[in-house]
Amino acid sequence: MKARCTAPGEYAMLEHTADHRIEVKGRDVAQLFARSGAALADLLYDPALVQEALRRSVRLHEKDPDVLLVRWLNELIYLREVEEFLWKRIEVEMDEEGGLEAALAGERLDPTRHSARVGLKAATYHQLRIERTPEGVSARILFDV
């Protein structure tokens with residue numbers, strides 16, 4: 001499966017007392033992961049201000065899709081926080097064995113043009129749900145603030 005998404009992507013904010021919770025939908029798991037990454041970008045910063053000047057790749061393998069989704073989102077948080085990399089475009093390719101290969105296009109943080117929206121510590125397993133739907137796949141994800 002292969003999917004491409006440009007941030008901010010389609011997602012819905014869900015009510016939660018202290019943390020940030022979103023719902024993301026896709027026609028398949030690859031699109032769900034791409035849209036989840038785009039939604040995360042929109043939570044962290046304004047992706048409309050990001051230029052596609054640099055490339056980064058992410059490779060992960062995990063048989064459990066819940067674990068893979070949390071690892072994927074936490075890898076993106078790491079790229080943002082440690083490498084100060086902001087992504088705008090995401091291409092995700094997934095295989096049947098739990099392999100994920102993603103290509104990100106974006107740029108390094110420029111404090112004169114970019115500002116943080118919210119600080120997220122991590123994607124969590126708390127209340128995580130990936131479900132098959134008549135339209136494809138959906139996930140509810142909780143981020144620790």
Side-chain angles (χ1 to χ4, degrees), residues 1-107 109 114-145:
M1 292 176 283
K2 204 176 206 178
R4 177 182 296 173
C5 188
T6 302
E10 298 176 31
Y11 69 100
M13 290 293 296
L14 303 175
E15 269 194 48
H16 194 274
T17 54
D19 295 320
H20 280 32
R21 188 171 181 217
I22 63 171
E23 180 176 44
V24 182
K25 298 177 181 182
R27 71 177 174 277
D28 55 36
V29 177
Q31 187 177 57
L32 176 76
F33 276 61
R35 286 184 172 176
S36 296
L40 176 59
D42 192 48
L43 292 173
L44 295 171
Y45 52 86
D46 183 354
L49 302 175
V50 176
Q51 299 173 3
E52 296 181 29
L54 299 174
R55 306 280 186 260
R56 293 283 188 279
S57 62
V58 175
R59 287 187 179 97
L60 299 169
H61 186 273
E62 184 63 54
K63 291 187 187 240
D64 184 327
D66 290 357
V67 175
L68 184 60
L69 181 58
V70 169
R71 285 188 59 203
W72 158 244
L73 294 169
N74 286 334
E75 182 68 22
L76 293 176
I77 291 171
Y78 173 86
L79 287 173
R80 162 58 190 99
E81 294 301 315
V82 175
E83 295 188 15
E84 296 186 332
F85 181 74
L86 310 180
W87 58 94
K88 182 172 189 163
R89 187 170 39 87
I90 303 169
E91 295 178 19
V92 173
E93 189 167 352
M94 300 181 73
D95 63 34
E96 298 295 322
E97 289 79 44
L100 175 147
E101 191 166 325
L104 307 170
E107 66 179 316
L109 173 71
H114 308 119
S115 59
R117 288 187 167 164
V118 67
L120 299 177
K121 294 178 190 173
T124 71
Y125 294 101
H126 184 67
Q127 298 179 346
L128 178 66
R129 281 198 337 229
I130 298 177
E131 298 178 320
R132 297 271 175 208
T133 68
E135 298 81 28
V137 187
S138 73
R140 291 187 173 195
I141 308 156
L142 183 70
F143 294 96
D144 186 21
V145 176

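Here the structure is a predicted model, which is why all the values come from computation and not from measurement. In what follows, residues are counted from 1 in the order of the sequence shown.
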By salt bridge (charged side-chain N to carboxylate O under 4.0 Å, His left out), which residues pair with [X], not counting sequence neighbours?
X	result
R80	none
D144	none
R129	E131
E52	R89

Gap between atom [atom2] of [Y] and atom [atom1] of [X] - 0.5 Å precision:
X	Y	atom1	atom2	answer
L54	W87	CG	CH2	14.0 Å
D66	R71	CG	CZ	13.5 Å
L44	S115	CG	OG	11.5 Å
S36	I141	OG	CD1	4.0 Å
L86	L109	CG	CG	5.5 Å

If you take all heavy atoms of [X] and [Y], which pair is closest and at what distance?
X	Y	answer
K25	S138	CG-CB, 3.8 Å
V50	G106	CG1-CA, 3.9 Å
H114	L49	NE2-O, 3.4 Å
I130	A139	CG1-CB, 4.0 Å
V92	A102	CG2-CB, 4.2 Å

Which residue pairs satisfy the salt bridge (Lys or Arg N to Asp or Glu O under 4.0 Å) criterion with at least one member in residues 95-106, sequence neighbours excluded?
R59-E101
Any R117 side-chain heavy atom under 4.5 Å of D42 side chain:
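The answer is yes; the side chains approach within 4.5 Å.
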Kindly indicate, with the supporting measurements, whether the criterion side chain to side chain contact (heavy atoms under 4.5 Å, CB included) is fulfilled by R132 and V137.
CA-CA 5 Å; R132 297 271 175 208; V137 187; 3.2 Å; yes
Going by the rule side chain to side chain donor-acceptor pair (under 3.5 Å), which residues pair with R55 if we only count those two or more places apart in sequence or in a different chain?
none
The criterion is side chain to side chain donor-acceptor pair (under 3.5 Å); which residues satisfy it with E83, sequence neighbours excluded?
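Result, side chain to side chain donor-acceptor pair (under 3.5 Å) vs E83: R56.
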Taking it one step at a time, do M94 and L68 satisfy side chain to side chain contact (heavy atoms under 4.5 Å, CB included)?
CA-CA 11 Å; M94 300 181 73; L68 184 60; 3.6 Å; yes
List the atom pairs, with distances to 0.1 Å, where a side-chain N or O of residues 72-79 and a protein N or O form a donor-acceptor pair under 3.5 Å, not counting sequence neighbours.
{"unit_1": "W72", "atom_1": "NE1", "unit_2": "F33", "atom_2": "O", "d": "3.0"}
{"unit_1": "N74", "atom_1": "OD1", "unit_2": "A123", "atom_2": "N", "d": "2.6"}
{"unit_1": "N74", "atom_1": "ND2", "unit_2": "V70", "atom_2": "O", "d": "3.3"}
{"unit_1": "N74", "atom_1": "ND2", "unit_2": "A123", "atom_2": "O", "d": "3.3"}

Show your reasoning for whether side chain to side chain contact (heavy atoms under 4.5 Å, CB included) applies to L43 and H20.
CA-CA 9 Å; L43 292 173; H20 280 32; 4.2 Å; yes
Distance-only, no hydrogens or angles: does the R21 side chain make a donor-acceptor pair with backbone N or O of R140 under 3.5 Å?
no
Say whether, by atom type as modelled, one donor and one acceptor occur between the side chain of E107 and the main chain of Q51 under 3.5 angstrom.
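A pair under 3.5 Å: yes.
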